There are 2 protein chains.
Amino acid sequence: MLSKKCKYAIHALVYLAEKYHEGPVHIQEIAEKKHIPKKFLEAILLELRNAKVLGSKKGKKGGYYLYQKPAEVNLMQIIRLMDGAIALLPCVSLNYYEPCEECRNEKTCGIRDAFSKVRDETLRLLGGSTLDKILKREKLLEGN
Amino acid sequence: MLSKKCKYAIHALVYLAEKYHEGPVHIQEIAEKKHIPKKFLEAILLELRNAKVLGSKKGKKGGYYLYQKPAEVNLMQIIRLMDGAIALLPCVSLNYYEPCEECRNEKTCGIRDAFSKVRDETLRLLGGSTLDKILKREKLLEGN
DNA sequence: TTTAAAGTCTATAGATATAATAGATTAATG
DNA sequence: CATTAATCTATTATATCTATAGACTTTAAA
C-alpha cells in the first residue's frame, strides 16, 4: 500500500499539471482543493522540489510549479521518491536492493522469480503512467 | 514491501511443503532452519492454522503440517492473510476496498486506472505462484 | 523601505504498525 | 503421570507514518 504522503504527492502533482501554464500555485490552494493538511503538504512539496520535479518561488506571487513537463513525470518516479522501493522484496529491488536474510543463497531461492516478474510489470505500468495521461483520462471521464 | 511476518510465513510454508509427506514438523525446527525468531514464528503459524492453510498437532510427535496440497497454496493467499491488501491503493483493492478520501468522485479519478492494472497483473503472477512451483524451481536451480 | 505573503527549515509530538518476548495453559504421547 | 510441544494472553520495544509548531528567509507590492 502506498503511504498517505505518496498519495498526497500524486494528487498535488496532478493538480499542478492541470495548472501547468498558470505560474506558481500556493501550497494553501493545493491543500484546500485536494484536502491535504497544509503543513504536511509543505514537507512533501519541498521534497519534490529538491528532487527537481517541482520548482518554487518565494514571497508574494510565489508558490510551486511543475519543473518538468507533465508528460515527463510518471507514477514510478513519484512512488520511488516518496515511498522508496517498488518491488515487494528488497532482494529483487532495482533501486533499493538489499540481500534477504532468510534465504542464504539467492541463486537457488525459488521465491524471487515471481516477485521479479511482479516488479517488472509494475514498473512497466507505473512508468507509463504520466501526469498528462492521468489528466487526459480525467477529462475523458468527466466528459461522460 | 512485504512485512517480515509475511516473508517468514512464505519461507516457513516452503519448508513445510518440502516436508509435505513427513508428518508434523516442530516450530523449533522451522525456526532454526529458516532463521526465524521462534516466538514470532509461533504466532504466524497459528494464524495460518486458523486460516486452514496449516494443521497442527499438540504434544509429543506434534508440530505443524500443510493442511492443503502444495499446489493449492499460492503467494497471493499468503500475502493477503499476512499483510492484507495487495493493491497499492485501497480504492482499487478487491478484498480490502475502501473509498479514497482525496478524490471526491471515484468515477472521474484518472489515477485509479494504472493501479487497477498493476493489481490485476500482480494477482495473476502471485496467484499462479504455488508452493510446489517454488519448490520445483529451487530443485532446478540447485541442480545446476 | 517597510510590510505582508509565502516558501524553508528544524524539531518534535502523537498515533499506528511491526517485531519480538515472556509466561501460563492445554493437549497428546509413551 | 511426566514430558513435550502447541496454544493463548499479555506485554514490551522499536520503527514508521502522519501531522503540527514556530522561527527564519525571500520576494513583491504598497
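Remember, it's a predicted structure, so these values are computed and weren't measured experimentally. Just so we're on the same page: letters track the sequence lines, and every chain starts at 1.
Proximity of a side-chain donor or acceptor of A:Lys133 to a complementary backbone N or O of A:Gly128 within less than 3.5 Å is detected. Judged by distance alone, with hydrogens and angles left aside, the side-chain atoms of B:Arg112 form a donor-acceptor pair with the main-chain N or O of B:Cys91 at under 3.5 Å. A distance-only check finds no donor-acceptor pair linking the side chain of B:Glu98 to the backbone of B:Pro90 [under 3.5 Å]. Side-chain atoms of B:Asn74 come within 3.5 Å of backbone atoms of B:Met76 as a donor-acceptor pair (strictly under, hydrogens ignored).
Of the two residues contacting DNA chain D, namely A:Lys61 and A:Ala43, the nearest-nucleotide position lying further toward the 5' end is that of A:Ala43.
One can place CD1 of B:Ile27 at 12 Å from C1' of D:dT4, the figure rounded to the nearest angstrom. In this structure, NZ of B:Lys58 is placed 20 Å from P of D:dA2, rounded to the nearest angstrom. Atom NZ of A:Lys39 and atom P of C:dA6 are 14 Å apart (whole Å). In this structure, B:Phe40 atom CZ and D:dA10 atom P are separated by 19 Å, rounded to whole Å. Atom OH of A:Tyr8 is separated from atom P of D:dT18 by 8 Å (rounded to the nearest Å). Rounded to an integer number of Å, the gap from NE2 of B:His35 to P of C:dA20 is 14 Å. The separation between A:Leu46 atom CG and C:dT10 atom C1' is 12 Å, rounded to whole Å. Atom-to-atom, CG of B:Leu45 to P of D:dA6 comes out at 9 Å; the value is rounded to the nearest Å.
For A:Lys60, the side-chain atoms get nearest to D:dT27 when compared with the rest of C:dA28, D:dT27, C:dG30. Residue A:Lys57 places its side chain closer to D:dA28 than to any other of D:dA28, C:dT21, C:dA19.
The phosphate of D:dT18 (OP1 or OP2) has a side-chain N or O of A:Ser3 nearer than 4.0 angstrom.
Among the protein residues, A:Lys38 comes within range of no part of the nucleic acid, since none of its heavy atoms lies under 4.0 Å from any strand. Contacts of B:Gln28 with the nucleic acid, taken as non-hydrogen atoms under 4.0 Å apart, are absent.
In this structure, B:Glu121 does not pair ionically with A:Arg124, as no charged nitrogen and carboxylate oxygen lie closer than 4.0 Å.
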